[in-house]
Amino acid sequence: MPSTALACSDPIPRPSWEPVHDGARVVELGTGTGALALCAAARGADVTAVDVAWPAVLAARLNGWLHRTPLRVLHGDFASRTEGQRFDPVLANPPYAPSPDSRLPASGARPAWDAGSDGRAVIDRICDMAPVLLYTGGVLLLVHSGMCRAQETLERLTRAGLTARVAERVLVPWGSVLRSRRQWLQPQGLAAAGDEQEELVITGRSSGPSPSTDRHVAAGQASRAAIGLHTASPLCRYSVV
Ligand SMILES: C[S@@+](CC[C@H](N)C(=O)[O-])C[C@H]1O[C@@H](n2cnc3c(N)ncnc32)[C@H](O)[C@@H]1O
């Protein structure tokens, strides 16, 4: 039986987990294996995890069961499955690989990484709905490749009413998807010849004071700390973690 701690010991530096604490009401949008959701649950958070892919949902549920860690894993699009609910923090490592096919894939493995020709199809939706997903003062921990333009994410989050900044940056080697698209990425201006690493970036925080009258107050306070989120890979595997 794997231990929950294993799920959190990733070779890539994991985030400062300050906003994820005992009693926090966390959602992970696009949970994949559920690894991040498990880390949050292991810290005592009340975790909802959503994924549009059944294999991911089943893997996350299995991982929750293997780690004896309670996770609420929902199947479907993150917007519809979280409608009318608020969380803090919101975690997301969405699909963000730029693709020669501008249409979003509906089946197979590609929805896990393909996100339109600029890689922003899912990122933009998350930025736009962050204000209705977050408690006042809540934190969005959103990770994506610098290839998708961090500045655009910051501006979009700001337009949505959040205080946004890049909290952390980390260089990771290109995975197989980006390597296979080198000939397409270069003429798009998304990569330079010889690029072999991409930068992962981001976070955002909703404006206004933290709520002082409910159990989420601690999450709001923690959000003032420097935060960031990294993930194992821009791709995810539906594996046991
Ligand atoms: C890059 S993977 C990240 C998986 C995991 N969070 C991690 O960090 O390893 C993106 C995940 O988002 C899911 N996804 C893509 N579009 C989605 C949507 N509209 N609603 C919910 N999940 C979605 C994919 O199925 C995939 O599991």
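Counting begins at 1 with the first residue of the sequence. Counting starts at 1 for both ligands and their atoms, in listed order.
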P98: which of D118, L185, D114 passes side chain to side chain contact (heavy atoms under 4.5 Å, CB included): L185

SB check D101 R103 (cutoff 4.0 Å):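 Salt bridge flag = yes for R103 with D101.
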
Hey, could you give me the [atom1]/[atom2] distance between [X] and [Y], rounded to the nearest 0.5 Å?
| X | Y | atom1 | atom2 | result |
| --- | --- | --- | --- | --- |
| M147 | L178 | CE | CG | 4.5 Å |
| Q85 | E83 | CD | CD | 9.5 Å |
| R149 | R156 | CZ | CZ | 10.5 Å |
| S99 | W113 | OG | CH2 | 10.5 Å |
| H144 | E199 | NE2 | CD | 10.5 Å |

For atom 6 (N) of ligand 1, the option (of R125, E28, R81) bearing the nearest heavy atom: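 Result: the heavy atom closest to atom 6 (N) of ligand 1 is in E28.
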
Which atoms of ligand 1 are found less than 4.0 Å from any heavy atom of [X]?
| X | answer |
| --- | --- |
| D77 | 18 (C), 19 (N), 20 (N) |
| P111 | 15 (C), 24 (C) |
| A53 | 25 (O) |
| V52 | 14 (N), 15 (C), 16 (N), 17 (C), 18 (C), 20 (N), 21 (C), 22 (N), 23 (C), 25 (O) |
| N93 | 1 (C), 2 (S), 3 (C), 7 (C), 8 (O), 9 (O), 10 (C) |
| G76 | 20 (N), 21 (C) |
| G30 | 3 (C), 4 (C), 5 (C), 6 (N), 11 (C), 12 (O), 13 (C), 22 (N) |
| G32 | 4 (C), 27 (O) |

Close N or O approach (D51, ligand 1; < 3.5 Å):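 There is such a contact, yes.
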
V122 N/O to ligand 1 N/O under 3.5 Å: no

Proximity to ligand 1 by part of T31, non-hydrogen separation under 4.0 Å: backbone

Geometric cation-pi criterion, R25 with F87: 6.0 Å, 45°: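 R25 over F87 ring: yes.
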
